[in-house]
Amino acid sequence: MSLKLISGMMKSSGEEALLVMDADGTNQTVVIDRQALLEVAAPPRCDESRLQENIDLFSRIACAKYDRGDVERDGRIHIHAADLGV
């Protein structure tokens, strides 16, 4: 894996989660949108526990996107519900 998880947390708004990952000594921010969090399991929930239950999945998706160069113009990796099949 090209990235290594440092930490993961929900934003206080509850609308998205953030992962901070190590990319060869620099921090790479990963933004996970609300819909992706709702889609990962039943019943749908967008909270810290849902993030932590699926943090390995989100980390793998972030690594795959990073390796493909799928990084947004703002330098962050964004994970959407459509990415869950990655």
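We're numbering straight along the sequence, starting at 1.
Other residues, nucleotides and ligands contribute more than 12 heavy atoms inside 6.0 Å of the CG atom of Asp74.
Closest of all the heavy-atom pairs between Glu48 and Gly8 is OE2-O, 3.8 Å. For Val30 against Ala62, the heavy-atom pair with the smallest separation is CG2-CB, 3.8 Å. Residues Ala36 and Ala81 share a closest heavy-atom pair of CB-N, 3.7 Å.
Of the possible donor and acceptor atoms, none in the side chain of Gln28 sits under 3.5 Å from a partner among the backbone N and O of Leu19. A donor-acceptor pair under 3.5 Å links the side-chain atoms of Asp83 to the main chain of His80, judged by distance alone.
In the hydrophobic clustering of ILVMFWY residues, with side-chain heavy atoms under 4.5 Å counting as a link, Phe58 and Leu18 come out apart. A continuous path of ILVMFWY side-chain contacts below 4.5 Å connects Met21 to Leu57, so both sit in one hydrophobic cluster. Residues Leu51 and Leu38 do not share a hydrophobic cluster, defined by chaining ILVMFWY side chains whose heavy atoms lie under 4.5 Å apart. There is a path of hydrophobic side-chain contacts, each under 4.5 Å, that joins Tyr66 to Leu5.
Counting heavy atoms from C-beta on, the side chains of Leu37 and Asn54 never come closer than 4.5 Å. Annotation: side chain of Pro44 is not in contact with side chain of Arg50 (no heavy-atom distance under 4.5 Å). Annotation: side chain of Leu3 is in contact with side chain of Ile77 (closest heavy-atom distance under 4.5 Å).
For the atom pair SG (Cys46) and CD1 (Ile32), the distance works out to 9.5 Å, reported to the nearest 0.5 Å. Cys63 contributes atom SG, which lies 10.0 Å from atom NZ of Lys4 (distance to the nearest 0.5 angstrom). Rounding to the nearest 0.5 Å gives a distance of 7.5 Å between CD1 of Ile55 and OG of Ser7. Taken from CD1 in Ile79 to CD in Glu16, the straight-line distance is 11.5 Å, to the nearest 0.5 Å. Within the model, atoms CZ of Arg34 and CD of Glu39 stand 11.5 Å from one another, a figure rounded to the nearest 0.5 Å.
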